[in-house]
Amino acid sequence: MTIGEYAIVDKLANFIQNHPEINIHLHYGNTSNLLELLDHGQISMAIVEGNYPKENYSHIKYSTEDYIAVCATSHQFNKEPHTIHDLISEHLLVREKGSGTRNILEQSLIAHGLHISNFIHYTQVENMHTIMNLLKKDCGISFLYKIAVEKELKSKELKEITLDDFKLQHDFDIIWEKESIYTDKYLSISEEFI
């Protein structure tokens, strides 16, 4: 969802303008949904942000993105946070299970000995725009890709929560069926997006 809403629009527009003869069906979904569609032959390629079994797919890196903690610029912390543990007393706004954004957060929390359930309260939201609007209304904190909130960071509606123990980047990958007879075509298309 992050990729479809924030990371590919300019490159997709260029591709459409350069290849008006190609029909495109752009499908939005979380990582697990896209993997299922790919596995069942319902889509040809996917750009995913979440973790997936790389050995099961052919893939090429689309981009590497910063993954950050964010909140409303006006948010007041009881105690200034320095570590991820300092945030568990905050209300967490989190994507649904199956979302790449959530999966990256869950893996990072596990590395710090934490789980989403360690946060005093959390709200699960299936829409990135809703999470950002709730953040702007100071309804909690969240962990998102910086590319998704760049505009809000620049306009100072949101701010990055800088933590000493949380500096994370993650790859967005273009993937397709392993050993596909269309691999050369998919690589050619992928190179125009990279």
Side-chain angles (χ1 to χ4, degrees), residues 1-7 29-35 46-57 59 61-154 156-173 175:
M1 301 292 272
T2 302
I3 295 168
E5 294 179 14
Y6 303 100
N30 65 38
T31 300
S32 64
N33 177 252
L34 293 175
L35 293 176
I47 306 177
V48 296
E49 63 181 275
N51 293 315
Y52 64 95
K54 291 190 176 195
E55 66 278 2
N56 295 348
Y57 302 92
H59 55 90
K61 183 170 74 170
Y62 174 76
S63 66
T64 301
E65 302 296 336
D66 292 327
Y67 189 79
I68 62 172
V70 293
C71 65
T73 302
S74 61
H75 186 75
Q76 296 293 314
F77 292 100
N78 291 334
K79 175 187 163 201
E80 193 63 31
H82 296 285
T83 69
I84 199 162
H85 283 82
D86 294 337
L87 295 177
I88 61 172
S89 62
E90 298 293 325
H91 189 114
L92 177 66
L93 303 171
V94 65
R95 289 284 308 277
E96 78 281 0
K97 290 185 180 186
S99 159
T101 300
R102 180 179 175 138
N103 181 259
I104 300 307
L105 174 60
E106 288 174 328
Q107 295 301 314
S108 182
L109 289 174
I110 288 169
H112 288 89
L114 295 170
H115 296 278
I116 288 172
S117 60
N118 291 117
F119 284 80
I120 191 164
H121 299 288
Y122 67 92
T123 300
Q124 180 176 294
V125 182
E126 295 183 16
N127 181 285
M128 188 72 78
H129 293 291
T130 302
I131 288 176
M132 287 195 287
N133 285 326
L134 290 170
L135 285 169
K136 291 177 200 176
K137 294 182 183 297
D138 201 13
C139 292
I141 66 160
S142 193
F143 293 81
L144 304 169
Y145 286 101
K146 191 171 189 173
I147 194 169
V149 292
E150 280 180 325
K151 186 175 101 176
E152 290 78 6
L153 293 172
K154 285 180 185 171
K156 302 207 183 298
E157 293 175 278
L158 299 178
K159 69 179 176 182
E160 181 175 353
I161 305 167
T162 306
L163 302 170
D164 297 335
D165 64 347
F166 190 85
K167 307 235 185 299
L168 186 60
Q169 290 187 318
H170 191 74
D171 291 342
F172 290 180
D173 286 347
I175 65 171

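Values reported hereafter were calculated over all heavy atoms of this structure, with side chains retained and with hydrogens, waters and symmetry mates removed.
Looking at Ile175 and Leu35, their side chains come closer than 4.5 Å, going by heavy atoms from C-beta outward. Contact check for Tyr52 versus Asp173: side-chain heavy atoms found under the 4.5 Å cut-off. Counting only heavy atoms from C-beta outward, the side chains of Phe143 and Leu87 approach each other to under 4.5 Å. Between Ile110 and His115 the shortest side-chain heavy-atom distance falls below 4.5 Å. When side chains are defined from C-beta on, Thr64 counts as touching Asp171, because their heavy atoms get closer than 4.5 Å. The shortest distance between side-chain heavy atoms of Leu153 and Lys146 falls below 4.5 Å.
With Asn103 as reference, Asn51 is the one residue of Asn51, Asn30, Thr31 to meet the side chain to side chain donor-acceptor pair (under 3.5 Å) rule.
Atom CZ of Phe166 sits about 9.0 Å away from atom CD1 of Ile68, to the nearest 0.5 Å. The line from CD of Glu157 to CG of Asn133 is 9.0 Å long, rounded to the nearest 0.5 Å. Once rounded to the nearest 0.5 Å, the distance linking CG of Asn78 with CG of Asp86 reads 11.5 Å. Taking CG of Leu163 as the start and NE2 of His85 as the end, the distance is 11.5 Å to the nearest 0.5 Å. The CD1 atom of Ile131 sits 9.0 Å away from atom CD of Gln124, with the distance rounded to the nearest 0.5 Å. Rounded to the nearest 0.5 Å, atoms OG1 (Thr73) and CD (Glu152) are 10.0 Å apart.
His75 is linked by a ring-ring contact (aromatic ring centres under 6.0 Å, His included) to Phe77, counting only residues two or more places apart in sequence or in another chain. In this structure Tyr122 satisfies the ring-ring contact (aromatic ring centres under 6.0 Å, His included) test with no other residue, sequence neighbours excluded. The ring-ring contact (aromatic ring centres under 6.0 Å, His included) search around Tyr67 returns Tyr145, not counting sequence neighbours. Take Lys151 and apply the side-chain hydrogen bond (donor to acceptor under 3.5 Å, both in side chains) test, not counting sequence neighbours, and it matches no residue. Annotation: side-chain hydrogen bond (donor to acceptor under 3.5 Å, both in side chains) contacts of Gln107 (sequence neighbours excluded): none.
Across all their heavy atoms, Leu158 and Lys136 have their closest contact at CD2-N, 3.8 Å. Closest non-hydrogen pair, Met128 versus Arg95, comes out as CE-NH1, 3.7 Å. Contact record, Asn118 with Gly113: OD1-O, 4.5 Å, taken as the closest heavy-atom pair. Gly140 approaches Leu135 most closely through the heavy-atom pair O-CD2, 3.3 Å. Leu92 approaches Ser142 most closely through the heavy-atom pair CD1-CA, 4.2 Å. Between Leu144 and Thr101 the shortest heavy-atom distance is CD2-CG2, 4.2 Å.
Around the NZ atom of Lys167, the shell of radius 6.0 Å holds more than 12 heavy atoms that belong to other residues, nucleotides or ligands. The number of heavy atoms from other shown groups lying within 6.0 Å of CD (Gln76) does not exceed 12.
Sequence neighbours left out, the pairs with a member in residues 97-106 that pass salt bridge (Lys or Arg N to Asp or Glu O under 4.0 Å) are Arg102-Glu106.
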Going through the distances and angles, do Ile141 and Phe119 end up as a side-chain contact (heavy atoms from CB on, under 4.5 Å)?
CA-CA 11 Å; Ile141 66 160; Phe119 284 80; 4.2 Å; yes
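Using a distance-only test at 3.5 Å, with no hydrogens or angles considered, a donor-acceptor pair links the side chain of His112 to the main chain of Asp165.
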